[in-house]
Colleague: 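Input: one structure, supplied below.
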Protein chains: 2
Amino acid sequence: MDDQEIIELFRENEFKVTAQRLAICKFIISREDHPSADQIYQELKIDYPTISLGTIYKTLDLLEKLGIIQKLGFNEGSIRYDPDMELHINVVCSNCGKIYDYKAENVKKLWSDIISDLGIKPKGQRIDIYYECDDCKERN
Amino acid sequence: MDDQEIIELFRENEFKVTAQRLAICKFIISREDHPSADQIYQELKIDYPTISLGTIYKTLDLLEKLGIIQKLGFNEGSIRYDPDMELHINVVCSNCGKIYDYKAENVKKLWSDIISDLGIKPKGQRIDIYYECDDCKERN
DNA sequence: GTAACTGCAAACGCTTTGCACTCCC
DNA sequence: GGGAGTGCAAAGCGTTTGCAGTTAC
């Protein structure tokens with residue numbers, strides 16, 4: 001998704017295009033590690049010194065409504081933002097919180113089987129695997 | 001898991017057996033809808049009028065450490081407690097938050113394939129499907 | 001008897017809200 | 001020019017913490 005596509009998506013949905021929104025949207029799309037609101041804030045503050053956490057949260061809600069990102073609530077109460085809306089598995093280090101995505105064709109087949117078995121119209125899904133990453137293993 | 005087993009598990013791990021702990025543990029095991037801490041509090045208050053939310057939280061942490069329950073953080077920031085530690089799918093109404101579990105044999109096979117593909121030692125997992133339940137559909 | 005547990009209240013951290021100012025269109 | 005968006009600070013809410021009193025063992 002390039003700048004132009006983002007701008008068009010905003011305009012189509014009658015949201016104004018602002019520097020902050022563009023920056024937040026581009027940032028989250030460029031990251032594969034599902035950052036938290038505060039991580040986004042800390043990094044964008046460098047280039048946009050007056051940006052506020054409130055704006056980050058409002059924009060993230062907007063991006064979720066537009067279907068660009070997915071919120072992921074975790075057990076310690078933290079919320080992370082995932083720009084991958086396709087069926088995938090979040091591989092999560094339960095120690096440091098690092099996340100990467102895993103895609104497997106076989107998941108798709110199984111998933112459609114389950115859906116038809118359940119007889120529901122799914123609105124979304126979330127699949128996590130928790131493990132301890134190599135960095136954390138070394139540290140202990 | 002009956003009373004005696006719970007008591008033994010507590011003692012084995014050198015935790016004292018109190019009326020509150022037993023009540024919380026039995027309550028959560030008996031429920032299939034993954035209640036929140038406050039729901040547990042509201043219901044137990046009837047039989048244990050002096051029980052406090054602090055005790056609920058402390059006990060839930062303890063039960064998680066003992067491996068009896070699993071915490072599930074959701075997108076709106078809420079945390080729900082799931083007493084089913086086996087591989088299963090949480091079927092979640094994204095409107096009212098109702099949850100029920102779905103177990104399928106075929107998930108297990110796929111899961112072990114994915115694990116060996118990833119080459120990791122999983123510590124746990126979580127699989128959610130979001131949909132709108134019949135009650136909520138009617139209401140709209 | 002004593003260390004662990006409970007209940008209460010205060011503290012905490014993340015998220016949301018309200019409002020005056022600003023800026024996109 | 002006008003209304004949506006921003007930034008700031010305050011409020012909100014679920015969870016955690018600290019501590020004096022209580023209870024299991």
Side-chain angles (χ1 to χ4, degrees), chain A residues 3-4 6-25 27-28 34-42 44-66 69 71-81 97, chain B residues 3-4 6-25 27-28 34-66 69-81 97:
Chain A
D3 287 24
Q4 207 46 50
I6 299 171
I7 292 174
E8 272 164 33
L9 188 63
F10 282 175
R11 295 233 164 102
E12 273 166 30
N13 289 276
E14 297 182 341
F15 293 118
K16 290 187 176 165
V17 178
T18 66
Q20 292 91 329
R21 284 183 176 168
L22 262 184
I24 294 166
C25 188
F27 180 81
I28 189 104
H34 310 23
S36 67
D38 195 61
Q39 278 166 14
I40 298 170
Y41 175 58
Q42 296 304 333
L44 288 182
K45 230 173 28 179
I46 300 165
D47 288 331
Y48 301 81
T50 69
I51 207 167
S52 73
L53 252 179
T55 299
I56 306 276
Y57 279 112
K58 285 169 193 162
T59 303
L60 288 170
D61 282 349
L62 189 146
L63 296 180
E64 194 190 18
K65 281 197 197 82
L66 290 178
I69 61 169
K71 268 172 140 181
L72 297 178
F74 285 94
N75 302 348
E76 350 76 60
S78 69
I79 296 180
R80 308 272 294 263
Y81 296 86
Chain B
D3 287 24
Q4 207 47 49
I6 299 171
I7 292 173
E8 271 164 33
L9 188 62
F10 282 175
R11 295 234 166 99
E12 274 167 28
N13 290 275
E14 296 182 343
F15 293 118
K16 290 188 175 165
V17 178
T18 67
Q20 293 90 330
R21 284 182 176 168
L22 261 184
I24 295 167
C25 188
F27 179 82
I28 189 105
H34 310 21
S36 66
D38 194 60
Q39 278 166 13
I40 299 170
Y41 175 58
Q42 296 303 333
E43 300 234 21
L44 289 182
K45 230 174 24 176
I46 301 166
D47 289 332
Y48 302 82
T50 67
I51 207 167
S52 72
L53 253 179
T55 299
I56 306 275
Y57 279 112
K58 285 169 194 162
T59 303
L60 288 170
D61 283 350
L62 189 147
L63 296 180
E64 194 189 19
K65 282 197 196 81
L66 290 178
I69 61 168
Q70 182 184 12
K71 271 173 140 180
L72 296 178
F74 284 94
N75 302 348
E76 350 76 60
S78 69
I79 295 179
R80 309 272 294 262
Y81 297 86

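Sequence lines set the chain letters: A, B, ... in the order given, protein chains first and strands last, and positions in each chain run from 1.
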Colleague: Less than 4.0 angstrom between a side-chain N/O of A:Arg11 and OP1 or OP2 of C:dC24, yes or no?
Modeller: no
Colleague: Please assess A:Thr55 against A:Thr18 for the test side-chain contact (heavy atoms from CB on, under 4.5 Å), listing each intermediate value before the final yes or no.
Modeller: CA-CA 11 Å; A:Thr55 299; A:Thr18 66; over 6 Å; no
Colleague: Whether the side chain of B:Arg21 engages the backbone of B:Phe10 through a donor-acceptor N/O pair (distance < 3.5 Å, no angle test) should be reported.
Modeller: no
Colleague: Once you round it to whole Å, what is the distance between C1' of C:dC5 and CD1 of B:Ile24?
Modeller: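 These atoms are roughly 11 Å apart.
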Colleague: B:Gln42 has an atom CD; how far is it from atom C1' of D:dG14, in whole Å?
Modeller: 13 Å
Colleague: Between the protein and nucleotides 5-9 of chain D, list every N/O to N/O distance that falls short of 3.5 Å.
Modeller:
residue : atom : partner : partner atom : Å
D:dG5   : OP1  : A:Lys16 : N            : 3.3
D:dG5   : OP1  : A:Arg21 : NH1          : 2.7
D:dG5   : OP1  : A:Arg21 : NH2          : 3.0
D:dG5   : O5'  : A:Arg21 : NH2          : 3.2
D:dT6   : OP1  : A:Thr18 : OG1          : 2.7
D:dT6   : O3'  : A:Gln20 : NE2          : 2.7
D:dG7   : OP1  : A:Gln20 : NE2          : 3.2
D:dG7   : OP1  : A:Thr50 : O            : 3.2
D:dG7   : OP1  : A:Thr50 : OG1          : 3.1
D:dG7   : OP2  : A:Ser52 : N            : 3.3
D:dG7   : OP2  : A:Thr55 : OG1          : 3.0
D:dG7   : O5'  : A:Thr50 : O            : 3.1
D:dG7   : O6   : A:Lys58 : NZ           : 3.1

Colleague: Looking at residues at least two apart in the chain, or sitting in another chain, which of them share a side-chain contact (heavy atoms from CB on, under 4.5 Å) with A:Asn13?
Modeller: A:Leu9, A:Phe15, A:Leu66
Colleague: Backbone N or O of B:Phe74 within a donor-acceptor pair of the B:Ser78 side chain at under 3.5 Å?
Modeller: no
Colleague: Rounded to whole angstrom units, what separation is found between the CG atom of B:Leu60 and the C1' atom of C:dT6?
Modeller: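 Those two atoms, CG and C1', are 15 Å apart.
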Colleague: Between A:Glu76 (CD) and D:dG14 (P), how many Å, whole number?
Modeller: 18 Å
Colleague: Between P on C:dC14 and CG on A:Asp61, what's the gap in Å once rounded to a whole number?
Modeller: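 It is 17 Å, rounded to the nearest whole Å.
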Colleague: Over how many whole Å does the gap from B:Leu22 atom CG to C:dC5 atom P extend?
Modeller: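 Nearest whole value for this atom pair: 13 Å.
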Colleague: Does a sphere of radius 6.0 Å around CD in B:Glu76 hold more than 12 heavy atoms from other residues, nucleotides or ligands, not counting ones at 6.0 Å or beyond?
Modeller: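 Enclosed.
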Colleague: Yes or no on side-chain contact (heavy atoms from CB on, under 4.5 Å) for B:Tyr81 and B:His34, after CA distance, side-chain angles and deciding distance?
Modeller: CA-CA 5 Å; B:Tyr81 297 86; B:His34 310 21; over 6 Å; no
Colleague: Please report the distance, rounded to the nearest Å, between CG in A:Leu53 and P in D:dG12.
Modeller: 19 Å
Colleague: Report the distance from atom NZ of B:Lys45 to atom P of C:dC8, rounded to the nearest whole Å.
Modeller: 11 Å
